[in-house]
Amino acid sequence: GYPVKLVEGDRLLEKITVFDDLQNLTQEKDLMSLPAYETVNGTGFDVHRFDTSKSGPVMICGIAVEHPCGLDAHSDGDVGLHAICDALFGAMSDGDIGSHFPPSDMRWKDKASSHFCEYAIDRLRQIGGRVLQIDVTLICETPKIGPYRQQMREQIAKICAVDIRRVSVKATTSEQMGFTGRKEGLAAMASCTIARPGLDNLPASDDGGVS
């Protein structure tokens, strides 16, 4: 005596009870050819030295951070976004930031690094992939990252078109060792986890990577 409501089903939910059910399913070419997704991780690293002939601020993860001097760089020198770009390209087996945006090309002179990240995200979309997690570690004695951390997370999420809960920004020092310890520059490491179609469903580029 209860009302019955019909809902639209999905052919992927067809149950297998007897052998004939399995045989019929394997004969459905459109079902069997659906792309299988895989989870892939890529890493990136970038470093820039401080340029005492330039005044700050410096760009870090898309945020202008107060600092007495600027950075020695062809673009805006954003180590955080550059590391993210290389991590994304690495996860896609798609070269590196230098192969897509060579420093010898004056088109990228003083270019905002957000452009490079947006380009990498667009490449990921073209192969049917999406970002699962972005994790950045900034390495420097100066400037202090803590006051800017949340802004950086928000900016990365905006640039990469992901939920902020998928973005992590961490900071550490090198305990006054090396070039970062001497306050000569700053560095960044990034790890990006993506979901992308399996290799059987991806076109191959001439260099063996993903086109």
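Model, not experiment: these values are computed from the prediction. FYI, side chains are in, hydrogens and waters are out, and symmetry mates aren't considered; it's all heavy atoms of this structure.
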Next item on the list: Would you mind listing the cluster partners of Phe179? Hydrophobic ones only (ILVMFWY), side-chain contacts under 4.5 Å, chaining allowed.
Entry: Phe45, Val47, Ile139, Met189
Checklist line | Under the side-chain hydrogen bond (donor to acceptor under 3.5 Å, both in side chains) test, residues paired with Arg182 that sit two or more places apart | finding: Glu184
Notebook entry, point to check: Testing Val167, Ile121, Asp163 for side-chain contact (heavy atoms from CB on, under 4.5 Å) with Val131, which one passes?
Noted result: Ile121
Checklist line | Chi angles and distances behind the side-chain hydrogen bond (donor to acceptor under 3.5 Å, both in side chains) call for Arg153, Gln150 | finding: CA-CA 5 Å; Arg153 291 183 66 218; Gln150 185 62 18; 3.1 Å; yes
Next item on the list: Treating Ile, Leu, Val, Met, Phe, Trp and Tyr as nodes and any side-chain heavy-atom pair under 4.5 angstrom as an edge, say whether Val169 and Val162 lie in one connected cluster.
Entry: yes
Next item on the list: May I have all residue pairs that pass side-chain hydrogen bond (donor to acceptor under 3.5 Å, both in side chains) and include part of residues 53-66, sequence neighbours excluded?
Entry: Asp51-Ser53
Note to self: Could you see if Met92 belongs to whatever hydrophobic cluster contains Val40? Use Ile, Leu, Val, Met, Phe, Trp, Tyr and a side-chain cutoff under 4.5 Å.
What the structure shows: yes
Check: Which residues pass the ring-ring contact (aromatic ring centres under 6.0 Å, His included) test with Tyr119, sequence neighbours left out?
Finding: His100, Phe101
Checklist line | Partner residues of Lys170 under the side-chain hydrogen bond (donor to acceptor under 3.5 Å, both in side chains) criterion, sequence neighbours left out | finding: Asp135, Thr137
Checklist line | side chain to side chain contact (heavy atoms under 4.5 Å, CB included) against Ala161, all qualifying residues, sequence neighbours excluded | finding: Arg125
Next item on the list: Identify, with sequence neighbours excluded, every residue that meets salt bridge (charged side-chain N to carboxylate O under 4.0 Å, His left out) alongside Asp122.
Entry: none
Under 3.5 Å, sequence neighbours excluded: what are the donor-acceptor pairs made by side chains of residues 80-90?
residue : atom : partner : partner atom : Å
His82   : ND1  : Asp46   : OD2          : 3.1
His82   : NE2  : Ser75   : OG           : 3.3
His82   : NE2  : Ser113  : OG           : 2.7
Asp86   : OD1  : Ile97   : N            : 2.7

Item checked: Test side chain to side chain contact (heavy atoms under 4.5 Å, CB included) applied to Thr142 - qualifying residues, sequence neighbours left out -> Phe50, His67, Lys183
Check: With a 4.5 Å heavy-atom cut-off, do His48 and Asp72 have their side chains touching?
Finding: no
Checklist line | Hydrophobic cluster membership, Met59 vs Ile145, 4.5 Å side-chain cutoff | finding: no
Item checked: For Glu154, all residues meeting side-chain hydrogen bond (donor to acceptor under 3.5 Å, both in side chains), sequence neighbours excluded -> none
Next item on the list: Please name all residues satisfying side chain to side chain contact (heavy atoms under 4.5 Å, CB included) with Pro68, sequence neighbours left out, ordered by chain then number.
Entry: none
Item checked: Set of side-chain hydrogen bond (donor to acceptor under 3.5 Å, both in side chains) partners for Thr193, sequence neighbours left out -> Asn41
